[in-house]
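Below you'll find the structure, written out as structure tokens, and then a few comments.
Values reported hereafter were calculated over all heavy atoms of this structure, with side chains retained and with hydrogens, waters and symmetry mates removed. Numbers restart at 1 for each chain; the letters A, B, ... are given by sequence-line order, proteins then strands.
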Amino acid sequence: MSSRKELVELFRELTELLTLDEGGPSTFRVRAYENATEALKSTREPLEEMTVSKLTKLEGIGKSTAQKIREYYDTGRIERLEELRAKFPADFVMLARVPGLGPKTLLRLRDELQVANLDDLRAAIAAQKIRPLKGMGAKSEKKLAKAIERIGSKQDRRPIAEALPLAETLVEEVAALPGVEAVQYAGSLRRFRETIADIDLVVASRDAEPIMEFFANMGRVSEVLGRGGTKSSVVTNTGIQVDLRVVEPEQYGAALLYFTGSKAHNIRLRGRALDLGATLNEYGLVELETEKVLASKTEEDIYKALGMQFIAPPLREDHGEVAAAAENALPNLVATEDLRGDLHVHTSYSGDAKSSVAEVVEAASKCGYQYLAITDHGKDLHINGVDEVTHAQIAEEIAALGPKYSDMLLLHGCELNIGKEGELDYSEEQRAKFDLCVASIHSHFDLAPEAQTERLITAMKAPSVRILGHMLARSIGKREGIECGVDAVLEAAKEANVAIEINSGLTRLDAPVEVLRRACEIGNVFAVSSDAHHADHLSSIRFGVRHSHRGWVPRERIVNYWPLAKFKQWLDG
DNA sequence: GCCGTTTTCGGCCCGACTGTTTTCAGTCG
């Protein structure tokens, strides 16, 4: 683990233990630790080399945190953390993971019943020792017993590829209910995070009851965690928690804003609301003095009333977007309709794809594209690869479709495989016959970082290569991306005028957000690509678009946003 | 613990649901 990552981990633990020490999560000290942890996570400053006074200049980091950072880099440990670890052993901290069991109750269980671990808690429940405690009762005891069962089955965050389809289905089903004027999934899913902990649904309706009724009784519900008049939580039989909230249609924008978050973004917005003499909650932005509702119906209204640009959901992480929006300095983000082409698409010639050349081209035409690159695999990719003869055949098929699609430039491309040493399929002379080459890694994921860096740079030096496909070759939730020197690779890409792909596959979303943001700073160009393996999947490019938003990628840097002439100039350049 | 031209103290985001109460504390997001 890099020392930076470890430092963030230590601060996370510090925050968790401090929450116990403070006896509650909402003390301002705990908040400060949360903020500091977040600051460490998102900053790019070279912390290791910085003095205490320099560190305190960073937002969210004061004297105390700065000293702990220095202490960590100088001695490898943080004294305060050691103290807290001694005070709260790991077995006891484990208990905080039981849903519904917060610090207050936890500390009372320890002080009054000597509960030190999960077994103690089970024994206390079995002996009915919980219910006599003040503020507790038979119901709380039972609830606790049930919650303990869930600690084992409770899944970590789910990959977006698993959660998004379920969320879309739920939205469709709820939208069809009578009285529903609008419905949308919110939360981290709408922010397009790679993994999500639960699905949040926000509904606009004047009659919440039938929606609650439907929601709690859906066939896929395995457990109802809570059911109120306007808010319910369930667990589905695949173990994903879904929260649903119903508001009046006039309040829909405020509710959507509130539940899309992130928490830190919301806090930042509320702070700004207070500066303007107003308060912001899930029902609206309300002027404090007059109690007049300033905005509530749409998110756009609220951002406007707060005196800032609309902030796209993927940006709402409190990574500087609020300040940027107030200064009218957000990047111009690309919309799916803005894209003029797709530069990474497979046909059934690639063993792992399903649609014919004609079907893929027709689908691209329906997307309204001005250009399309068909990029079946090179021959080095065993099983799914395509040899020279077959590629010549593909070229003919594409050429034959030219007259029918005269308003679309059809390119015969190839997705080359980057070998262990950075070698590519075919000879450079043969590669030059392709209109466009994407080069991607499909194997040898565990090489040393230096070797991976060299490998990518070598591949990009081939003059035919114009796009670096799914840069880290990760699979979200399954496989970490390769380790490499990101800056060196991005610099080399810039030098070679190679675009960094923004791969739209929900299991890929590669290059990752941190790489995209770094690439923006370095000055790279990008290609948002579907990597579709079926004609129906060209539309998944919309996911890549949302991922590009998360990376703050300005549309001016996206080669397939460019008009045909400019795109061709880049392609031939 | 952090922050700041209403600065070095006194603020710091806001509400639903549950289970226990009979006006509220704890938890969660």
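More than 12 heavy atoms of other residues, nucleotides or ligands lie within 6.0 Å of CD in A/Glu162, so this atom counts as buried by the packing criterion.
Side-chain atoms of A/Glu6 and A/Tyr72 include a donor-acceptor pair closer than 3.5 Å.
A/Ser232 comes within 4.0 angstrom of no nucleic acid atom, judged by non-hydrogen atoms across all strands. At a threshold of 4.0 angstrom between heavy atoms, the contacts of A/Gly229 are confined to the sugar-phosphate backbone, with no base atom among them.
Residue pairs meeting the ring-ring contact (aromatic ring centres under 6.0 Å, His included) criterion with at least one partner in residues 282-322 of chain A, sequence neighbours excluded, are A/Tyr303-A/Phe310.
Tested against A/Glu194, the residues A/Arg550, A/His547, A/Arg474 include a single side-chain hydrogen bond (donor to acceptor under 3.5 Å, both in side chains) partner, A/Arg474.
The existence of a salt bridge linking A/Lys54 and A/Glu45 is excluded, since no basic side-chain nitrogen approaches an acidic carboxylate oxygen closer than 4.0 Å.
Across all strands shown, B/dC17 forms a Watson-Crick or G-U wobble pair with B/dG26, both key distances being under 3.5 Å.
Taking atom CG of A/Asp243 as the reference point, atom P of B/dC28 lies 12 Å away to the nearest angstrom.
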Using a cut-off of 4.0 Å between protein heavy atoms and nucleotide atoms, how would you tag nucleotides 3-8 of chain B 5' to 3' with B, S and -? S-----
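Not counting sequence neighbours, the partners of A/Glu299 by the salt bridge (Lys or Arg N to Asp or Glu O under 4.0 Å) test are A/Arg190, A/Arg316.
The side chain of A/Lys231 contributes no N or O atom lying less than 4.0 Å from OP1 or OP2 of B/dC17.
Remark: A/Thr279, A/Leu280, A/Asn281, A/Glu282, A/Tyr283 in residues 278-291 of chain A come within less than 4.0 Å of DNA chain B through at least one heavy atom. Of the residues in residues 196-224 of chain A, not one places a heavy atom less than 4.0 Å from an atom of DNA chain B.
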Would you list the protein and nucleotides 20-24 of chain B atom pairs, both N or O, that sit under 3.5 Å from each other?
| unit_1 | atom_1 | unit_2 | atom_2 | d |
| --- | --- | --- | --- | --- |
| B/dT20 | OP1 | A/Gly137 | N | 2.7 |
| B/dT20 | OP1 | A/Gly137 | O | 3.4 |
| B/dT20 | OP1 | A/Ser140 | N | 3.3 |
| B/dT20 | OP1 | A/Ser140 | OG | 2.6 |

